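Okay, structure first, notes after.
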Amino acid sequence: THTLEVSQVARTIARALCLNEDLTEAIALGHDLGHTPFGHAGESALNEICPFGFKHFEQSVRVLENLENGGNGLNLTYEVLDGILHHTKGEQPSTLEGQVVRISDRIAYINHDIDDAIRGKVLKNTDIPKDIRAILGENPKERFDILISSLIENSFNDKICLGKEVEEAFLKLHEFMYEFVYLSGTAKKEEEKIPNMIFMLYDYLKNNPGKLPREMQEVAEKDGIDRAVCDHIAGMTDPFAIEVFKNAFIPKSWDI
């Protein structure tokens, strides 16, 4: 859902700015392919246990270059891979399309996370400070419209950017979400279980390579068991990771 939202936002902006929509969509659709189960909590756990570290944006490129198409990769352009690799932190993407995806990612996830927090009763819309709501709007539709319009109106001279007032409110909204949602006790309570689960899965698969899928066993032969286990866990969904964990560690009752 997040990837589709990023793609929709990014293509809207790219069209308005007369950029390459196909390049923009390709970057958007591939930007989170390397994400682990349980989001950034899973990413942090894999980064801790993998001897070579782990970053989801690097894994996204690895999926497209080294794992897809039977290990031959998808033969994507430098511009697509560069946009995916630099969609989050650090160095800016080398293309304007990549820069559009980078800020579209932030626009999409902050609105999605607000909706999730409200549905999960972690947050009420009125909890968002009034000065932020006065600038960015009172609901998701208004926030999307204001942020996208500001981006289109203020991007020029090979620079993708928001208007000053909107950008300041957007930064304040991120700070608010970190304080009251992302790092709050309510949101973090279940996250505490994730690292041990990832660590146990990692050790189990490393010590039982026969449990890896055939393609991952081939990766192990080529790049080593740590690389294969990391690739396999990174490619799991939340429910699949839980199912693998149950099968490995939870005793089953007899069928009588």
Side-chain angles (χ1 to χ4, degrees), residues 1-35 40 55-58 60-61 64-65 74 76-115 125 128-179 181-182:
T1 303
H2 165 70
T3 295
L4 293 176
E5 288 176 348
V6 174
S7 178
Q8 290 167 351
V9 171
R11 282 202 73 140
T12 299
I13 296 166
R15 180 171 298 181
L17 296 178
C18 297
L19 299 176
N20 186 324
E21 290 183 51
D22 291 336
L23 172 58
T24 304
E25 185 172 35
I27 296 169
L29 292 177
H31 81 283
D32 269 352
L33 282 175
H35 239 312
H40 291 287
K55 298 288 185 292
H56 82 273
F57 44 88
E58 293 174 351
S60 295
V61 173
L64 294 167
E65 284 282 86
L74 299 183
L76 298 174
T77 64
Y78 164 81
E79 289 80 5
V80 173
L81 297 173
D82 172 81
I84 291 170
L85 184 62
H86 299 113
H87 80 266
T88 179
K89 297 176 181 177
E91 185 180 337
Q92 281 281 353
S94 62
T95 64
L96 293 177
E97 289 82 0
Q99 293 176 38
V100 166
V101 172
R102 180 164 165 149
I103 195 164
S104 297
D105 183 31
R106 296 178 66 206
I107 291 172
Y109 81 64
I110 198 76
N111 279 289
H112 198 119
D113 290 348
I114 290 171
D115 287 348
N125 191 64
I128 300 173
K130 191 178 294 185
D131 60 328
I132 295 176
R133 287 186 280 127
I135 296 170
L136 297 184
E138 294 286 346
N139 56 60
K141 184 180 183 304
E142 288 183 5
R143 282 193 295 271
F144 273 117
D145 285 346
I146 289 167
L147 286 164
I148 291 170
S149 297
S150 177
L151 202 65
I152 292 168
E153 291 165 5
N154 290 278
S155 296
F156 59 93
N157 293 337
D158 290 337
K159 187 176 182 182
I160 305 297
C161 57
L162 294 163
K164 190 172 186 298
E165 183 182 50
V166 171
E167 182 178 31
E168 288 176 355
F170 194 43
L171 290 172
K172 286 182 182 177
L173 181 58
H174 275 79
E175 291 170 1
F176 167 80
M177 288 294 288
Y178 269 96
E179 183 176 355
V181 178
Y182 300 143

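Here the structure is a predicted model, which means the values were calculated and not measured.
Remark: Lys164 engages Glu168 in a salt bridge, criterion side-chain N to carboxylate O under 4.0 Å.
Put simply, the side chain of Asn111 reaches to within 4.5 Å of the side chain of Ile107, judged on heavy atoms. Side-chain contact between Leu17 and Leu96: absent, with no pair of heavy atoms (C-beta onward) separated by less than 4.5 Å. Contact annotation: the side chain of Ile146 never approaches that of Ser149 to less than 4.5 Å [non-hydrogen atoms, C-beta and beyond]. Side chains of Leu173 and Ile114 form a contact here, defined as non-hydrogen atoms less than 4.5 Å apart. Looking at Asn154 and Leu162, their side chains never come closer than 4.5 Å, going by heavy atoms from C-beta outward. Contact check for Thr24 versus Val101: side-chain heavy atoms found under the 4.5 Å cut-off. Lys172 places none of its side-chain heavy atoms less than 4.5 Å from the side chain of Ile135. Considering only heavy atoms from C-beta on, Leu151 comes within 4.5 Å of Ile160 through its side chain.
Note that CD of Gln8 and CZ of Phe144 are 8.5 Å apart. Values are rounded to the nearest 0.5 Å. The CD1 atom of Ile27 sits 12.5 Å away from the OG atom of Ser60 when rounded to the nearest 0.5 Å. Between atom OH of residue Tyr78 and atom OG of residue Ser94 there is a gap of 4.0 Å, rounded to the nearest 0.5 Å. Taken from CG in Leu33 to CZ in Phe57, the straight-line distance is 14.5 Å, to the nearest 0.5 Å. How far CZ of Arg102 is from CD1 of Ile84: 14.5 Å, rounded to the nearest 0.5 Å.
Panel note: side chain Glu25, backbone Glu21; no donor-acceptor pair is recorded below 3.5 Å. Formation of a donor-acceptor pair under 3.5 Å by the His31 side chain with backbone atoms of Ala28 is found in this model. For the pair Arg133 (side chain) and Ile128 (backbone), a donor-acceptor distance under 3.5 Å is present. Within the 3.5 Å criterion, the main-chain N or O of Leu29 finds no donor-acceptor partner in the side chain of Ser7. Panel note: side chain Glu97, backbone Asn20; a donor-acceptor pair is recorded below 3.5 Å.
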Go through the steps to decide whether Thr77 and Val80 satisfy the test side chain to side chain contact (heavy atoms under 4.5 Å, CB included), and finish with yes or no. CA-CA 5 Å; Thr77 64; Val80 173; 3.3 Å; yes

Evaluation steps, side-chain hydrogen bond (donor to acceptor under 3.5 Å, both in side chains), between Asp32 and Thr3: CA-CA 7 Å; Asp32 269 352; Thr3 295; 5.1 Å; no

Run the side chain to side chain contact (heavy atoms under 4.5 Å, CB included) test on Val166 and Leu136 for me, step by step, so that the C-alpha distance in whole Å, both residues' side-chain angles and the decisive distance to 0.1 Å come before the verdict. CA-CA 7 Å; Val166 171; Leu136 297 184; 3.8 Å; yes

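Phe170 has its ring centre less than 6.0 Å from the ring centre of His174. Checked against a 6.0 Å centroid threshold, the rings of His87 and His56 count as neighbours.
Side-chain N/O atoms of Gln92 and His86 include no donor and acceptor closer than 3.5 Å.
In this structure, Glu165 places its CD atom where only 12 or fewer heavy-atom neighbours from other residues, nucleotides or ligands lie under 6.0 Å away.
In this structure, Tyr109 and His2 have tilted ring planes: the angle between them lies in the 30° to 60° band.
Take Leu171 and apply the side chain to side chain contact (heavy atoms under 4.5 Å, CB included) test, not counting sequence neighbours, and it matches Arg106, Glu167.
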